Each structure stands twice: as C-alpha cells, then as structure tokens.
Amino acid sequence: MAAGGSRGLLGLWLLAAAGLAAGKAPSCHEVRTAFQLRQIGPLKLVPDVPTAESDLQICQHRAPTCCTKKMEESYQAAVRRERYQSIQAMNFELNYMIVGYVTAFQEAFESLLRLAENRTSSLFETAYRPMAKEAAEPVKKLFRDISLYILGAETTVEGAVLRFFDSLFPLVYSRLINPGITDLSEDYTECLRLTRQDINPFGRYSKNMVTELSKSLWASRMLSQALSLGIEVINTTEHAVLSKECSRALVKMQYCPHCQGLTLIRPCVGYCLNVMRGCLASVSELDAQWREYISTLEYLTNEMAASHDLEIALTGIRNSINEAILHAQLNGPQLSATVDKVCGQPKQEGNLSSDHIVPVKEATETQALVMAHASLNNKRSSLPLKASKNDKSRSLKKISREFINYMKRSRTFYASIAERLCEGDLVMKDSSTCWNGEDVVESYTSRVVSSGLKAQINNPELKVRGLDPLISNLIDKLQHFNQLDAEKAKLKLERWASRDAGSGGGRSEEMEASGDCDDEDGCQGSGDRIHTAGVSHALTFCQMAPVPDSPSCDAVSLLLLIYSRTRKPIQKTEMNQNQL
C-alpha cells in the first residue's frame, strides 16, 4: 500500500501516537463504543488494546487490530440482521399499501354483497311473498358461493347461478305458476330441478346473469389472487437468506474499518453498489416479472372498476332474478305442459283433495291479479334499495385508483433495491475519502457492475454462485400468474363476445331459440315472444318506477291479465299426436 493507501494502515498508529502524546496507551475504546451502540454483541469480545490477531478470516490486516475471530462472527450476524431490517423498511410502504388495499377491497366487497343480498331478499318479500320464506336459503347460498368464488375457491360463477335457478324453479312452478299445487313430493321436486336447464323456464335471463356476473367477478377474483401473490413476494424477499460470500462481503464493507479504529469512515458509493448488487442478484431477477405483475394489477383494477363494475353487477342480481321469474310466469301454461310431459302429473303428499287444486289457466289468471294488486300497493317497498352515501363500497373506485397509482410507481422496486440500500448514511457522498474494502481512498477505482445475475460474473467484490431457489420459485409463480391471467382474459373475452353475439337477437341457448320449437311443443311464436318481452319489461319498469301512483302500471297489469286469458291453450292430444 503506497502513498495514499498508507493512510488507512496508519489509523491505529495515529491513535497510538495520540494516546502516547496524552500519556495514555493505545486503546480500542472507540471500537467498543460502536460495538455497544449497534448492539453487535457482548463487550467482552472487544479487546481493550489493539492486538496482533492472526486467525481473522475476513478483516485481515498487517497492522495490530481491535478485532477478534469471535467479533467477526458477531459482525456477520449483525450484517444479516441489518440487511433484513433495511429490506423490511423498504418493503414496509409497499406491504402497507397492498395489505391496506386487501382490507379495503374485502370490506367493500362484503358491504356490496350484503347490499345485493338484502335487495334480492326484499324482491321476494315484496313481490313474491308466496315463495319468500322458501327462497331465503337459495338466495343465501347464491351469495355465499359468490363470496367463495371471489376468495379463490374451486367453484364457478356459472355453477353458482345455475344451482340457484335449479333450486328456484320448483318454487316458481308450485307457488307462482301453479299456486294451487302444494307439498310436492321429493321425487317430483328433484325432477323439476334436473329438467330446469332442459326446459329453460327462465329464458335468456339466467344466461345473461351468468355472463354479467362472470365479467365482473372474474376480474375481482383474479385481483384477489394477485394481491395475495404480491404479499407473498414481499414476505419472501424480506426473508431471503444471505449467502456466506455475501455476509463476508458486507462485514468487510461495514465493519473491517472498525478493526483499524476507523469507526466513522463509510464505504465508497461504487464499492457499496457492487456488494449490494452481488448480495441481491437473485432478488433483482424479479424485476421483469414484477413489472408485468404491476401491469396485470392495473388491467384487473380497470376491468373491475370500469366496464365490468362490481357494484353494478352485484346490485343487478335482483333485477336479473325478477326478469327471470316474470319470464317463467308469462310462459306458465307452456311450461306446465312441458313439465307434464317430462315429469308427469305432480303427486301430492298429504290429504289434499282434488277439489282444492286450482286449474293451470285459473291459477295463471289468479296470479296475474295478485301481481296487478302487488304492483299497485307495493310499489314503494319494491323500489331498489340504495346504499348510503357513507357506505364503504362507494369509495372502492377511489381506493382502487390511489392504489394502482402507487403500485405503478413501484415498477422498478426490485431493479433499484441495491441503489436504495446504498443511499443515506451507509455511504460517503460528500466526503473526500471513503472505504474501498482495503483502505481509505479518495475514490473507488474498480469496475461497478450493473444489476442482475448475469452481470455479477464481473463483480470484483464477491462471487455469486447462482439463483436462490426460493426466488426462482417466486419468479415461476409470478410468470405463471401473469401468463394465466393473460390467457384467461383472452378466453373470457372470446367467450363473452360469443355469448353476446348469440344473444344479440334476445335469444341464446334457449328452448325458444331452437329451430324445431313451435307452438305445439310448448314454445311461443315470434310474435308472442315480442309481446311477452314487452309486457315483462313494462311491468318491471312499473314496479320500480319512482312515481308511486303512476297510472301506467294499471294498464300494464291489465294487459298482462288479458294476455294470460287470451293465450292459445295447449292441447295435450295434439302434443301426443305430434309425438307419434
């Protein structure tokens, strides 16, 4: 070590000279003080005066030293602890934002779910009282299945919705279409459930409900999974184990100057970057997938908050169910005829005589009168429930915007982690001298490598052996999620586009859309379909009208009653002849 380099080696000799000038022996007092303040280990490990320690493994210097082998071991434990705390501090804000958003998202979702369930329950309590009590459990199960789907359970929106309509059909059939039929046998009820998809009593509305919910809930489900993955990434990087080479390099950078009595000197910036980039080479490999992950988060948040609005989809369940029930009621005689062919005549349980069974046609007229009465007297109670302005669900869009704006700023989080660790008090920025791992110098002259595993082959400060298995597993998870999300998004869009195209004329995979379907098979003609749809939409509009005493509802209800009376009855003899 020549000229400038001799400065570091003379550190202890300068201390000794100062001590002799003051009439004192050389001391390791400053080293003991730093050792104690940083809580590195017990003070008894630090010698009182410099010694010629010969078994040091890291801080090897020719001059007398204030370090021992036991101190080196304590320094290694200290740098591992300090790096963990430093990375944890950097992760804190990111982790806080994700966990905070997860909490806000769950609270808002639960609030929306309760609101939607209450709206749906109120529909049955106000408009369909004969079946309200029995419909309570299917409604509860529908929203429970939706909640489980969002949380990542192995279920589907389509399965949840179709199971609900399977349970709903026997109630609609026996309480609304044929209100005179009571106490259906278990076998007959099961037949109604099993044949629901075949006879399609709810028309396109059940399919439409699946499509609309799938669009919004899929994005919410994927977002929930993405947030959980983000938390896993943060926790894994915090607890990533430092290699032996990294620990030794960190000790050499931070604590070897102490051995020479230089407790205030700091590493050169370039030297620190080389050490940190080598230590965090595996973590920096997360950069590419993390950037893609942030893009995925942005896409899912936009999908959930924009065209596939979660609140609109959930609160719209009530209207979808109402439309479906009205469709079944308006096609009551045809459905009854079809059910008779598939399931036969219902077998009564109990001692109900045939005198108490209301004929199908009469039942339909009676139900129309009941609906007309309900539309006039219960319009106020059947209005859609609205969440209060202070409801947490109302702030979901705002929270989502703030969250994704922050997350977009963290795109380079793992690419710049070494730079941020070398900021602050760790390095000497404004001083004319710094520590280069061997001596006190004016500048660091070795090559400064870039981030990433491949670049570390030229790192002059430590050898990097390969990718950390834990980080490798994390990269695979991020890559798999990003690819899966992109593939699912593409498939979903294609599927929804296909469904929307299929239902463009108001029909999809329905009984009435079949080319073989005609009036004699229990289906309506095209003119009847148009008329039925018009009455259905008009009645729904009346029931939800903001003007409680609108006279148009009387006309609509009367039109529904006249239409049910003048509908062409289905003759079973004609059906049997067609079958032959």
Side-chain angles (χ1 to χ4, degrees), residues 83-105 152 219-243 246 273 276-304 399-423 449-456 459 464 466-490:
R83 286 297 73 72
Y84 168 74
Q85 292 171 348
S86 298
I87 295 174
Q88 187 180 46
M90 284 194 306
N91 281 344
F92 175 79
E93 187 178 0
L94 183 60
N95 189 58
Y96 177 82
M97 288 298 296
I98 296 179
V99 172
Y101 184 70
V102 168
T103 302
F105 173 78
S220 302
R221 174 187 171 95
M222 295 300 290
L223 180 61
S224 178
Q225 293 177 1
L227 295 173
S228 298
L229 180 57
I231 294 173
E232 182 182 355
V233 170
I234 293 172
N235 291 337
T236 303
T237 54
E238 277 184 7
H239 295 88
V241 178
L242 298 181
S243 66
C246 173
L273 287 174
M276 290 302 182
R277 285 171 178 172
C279 286
L280 300 172
S282 291
V283 174
S284 65
E285 288 297 304
L286 287 165
D287 177 56
Q289 290 303 322
W290 181 257
R291 290 173 186 264
E292 184 65 25
Y293 167 78
I294 298 299
S295 298
T296 301
L297 272 184
E298 184 178 9
Y299 167 75
L300 291 173
T301 304
N302 291 338
E303 283 294 289
M304 189 184 70
I399 294 171
S400 297
R401 283 195 299 269
E402 293 174 351
F403 170 72
I404 202 61
N405 286 337
Y406 173 83
M407 293 302 292
K408 285 194 291 186
R409 294 195 297 271
S410 74
R411 286 183 190 275
T412 61
F413 186 83
Y414 290 106
S416 60
I417 191 168
E419 286 81 351
R420 284 179 291 138
L421 283 173
C422 287
E423 291 175 351
V449 299
S450 58
S451 297
L453 200 60
K454 291 182 179 179
Q456 304 315 306
N459 195 320
V464 179
L467 189 62
D468 185 327
L470 288 177
I471 301 298
S472 177
N473 182 53
L474 208 56
I475 292 173
D476 289 341
K477 285 186 177 181
L478 282 170
Q479 186 174 19
H480 176 72
F481 178 81
N482 291 331
Q483 289 178 346
L484 185 65
D485 177 74
E487 292 171 2
K488 282 188 174 181
K490 182 179 179 181

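Everything numeric here is computed off the predicted structure, so don't read it as measured data.
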- Task: Please report the shortest heavy-atom distance between Ser410 and Trp290, naming the atom on each side.
- Result: O-NE1, 2.9 Å

- Considering residues at least two apart in sequence or located in another chain, which fulfil the side-chain hydrogen bond (donor to acceptor under 3.5 Å, both in side chains) criterion with Arg411? Ser295, Glu298

- Atom pair OG (Ser284) and CZ (Arg277), whose distance is rounded to the nearest 0.5 Å: 9.5 Å

- Message: Does anything in residues 467-479 form a side-chain hydrogen bond (donor to acceptor under 3.5 Å, both in side chains)? List the pairs, not counting sequence neighbours.
- Response: Glu232-Lys477

- Item | side-chain hydrogen bond (donor to acceptor under 3.5 Å, both in side chains) partners of Glu402, counting only residues at least two apart | none

- Message: Under the criterion side-chain contact (heavy atoms from CB on, under 4.5 Å), I'd like the reasoning laid out for Leu223 against Tyr101: C-alpha separation, chi angles, the key distance, then a yes or no.
- Response: CA-CA 11 Å; Leu223 180 61; Tyr101 184 70; 3.7 Å; yes

- Message: Between Ser451 and Tyr414, is there a side-chain donor-acceptor contact under 3.5 Å, judged purely by atom types and distance?
- Response: no

- One should read off an interatomic distance between Gln483 CD and Glu292 CD, to the nearest 0.5 angstrom, of 9.0 Å

- Please confirm whether the backbone N or O of Ala415 pairs with a side-chain atom of Thr412, one donor and one acceptor, at under 3.5 Å? no

- Note on the structure: Residue set satisfying side chain to side chain contact (heavy atoms under 4.5 Å, CB included) with Val102, at least two apart, ordered chain then number -> Ile98, Gln106, Leu227, Ile231

- Residues forming a side chain to side chain contact (heavy atoms under 4.5 Å, CB included) with Ala226, sequence neighbours excluded: Tyr293, Leu297, Leu300, Phe481

- Item | Qualifying residues under side-chain hydrogen bond (donor to acceptor under 3.5 Å, both in side chains), relative to Gln456, sequence neighbours excluded | Asn459

- Task: Measure the CG-CD distance between Asn482 and Gln289 for me, rounded to the nearest 0.5 Å.
- Result: 5.5 Å

- Message: Quick check: do Leu94 and Met407 have side-chain heavy atoms less than 4.5 Å from each other?
- Response: yes

- Item | Closest approach of Leu453 to Ala281 (non-hydrogen atoms, all atoms of both residues) | CD1-CB, 3.8 Å

- Query: For the residue pair Ile417 and Val283, what are the closest heavy atoms and their distance?
  - Reply: CD1-CG1, 4.3 Å

- What heavy-atom pair brings Ser86 and Leu421 nearest, and what distance separates the two atoms? CB-CD2, 3.4 Å

- Task: Could you tell me whether the side chain of Glu285 reaches within less than 4.5 Å of the side chain of Leu467, counting heavy atoms only?
- Result: yes

- Query: Just checking, Arg420 and Phe413: is the charged tip under 6.0 Å from the six-membered ring centre and within 45° of the axis?
  - Reply: yes

- Note on the structure: Closest non-hydrogen atoms of Met276 and Ala418, given as atom of the first, atom of the second and distance, are CB-CB, 3.8 Å

- Message: To the nearest 0.5 Å, what is the distance between CZ on Arg401 and CG on Asn302?
- Response: 10.5 Å

- For the residue pair Phe105 and Ser220, establish whether any side-chain heavy-atom pair is separated by less than 4.5 Å. yes

- CD1 on Ile471 to OG1 on Thr237, rounded to 0.5 Å: 6.5 Å

- Message: Return the CD1 to CG distance between Ile234 and Asn95, rounded to the nearest 0.5 Å.
- Response: 4.5 Å

- Using a cut-off of 6.0 Å, state whether more than 12 heavy atoms not belonging to Phe92 lie near its atom CZ. no

- Minimum-distance pair of heavy atoms, taken over all atoms of Tyr84 and Glu238: CD1-O, 3.1 Å

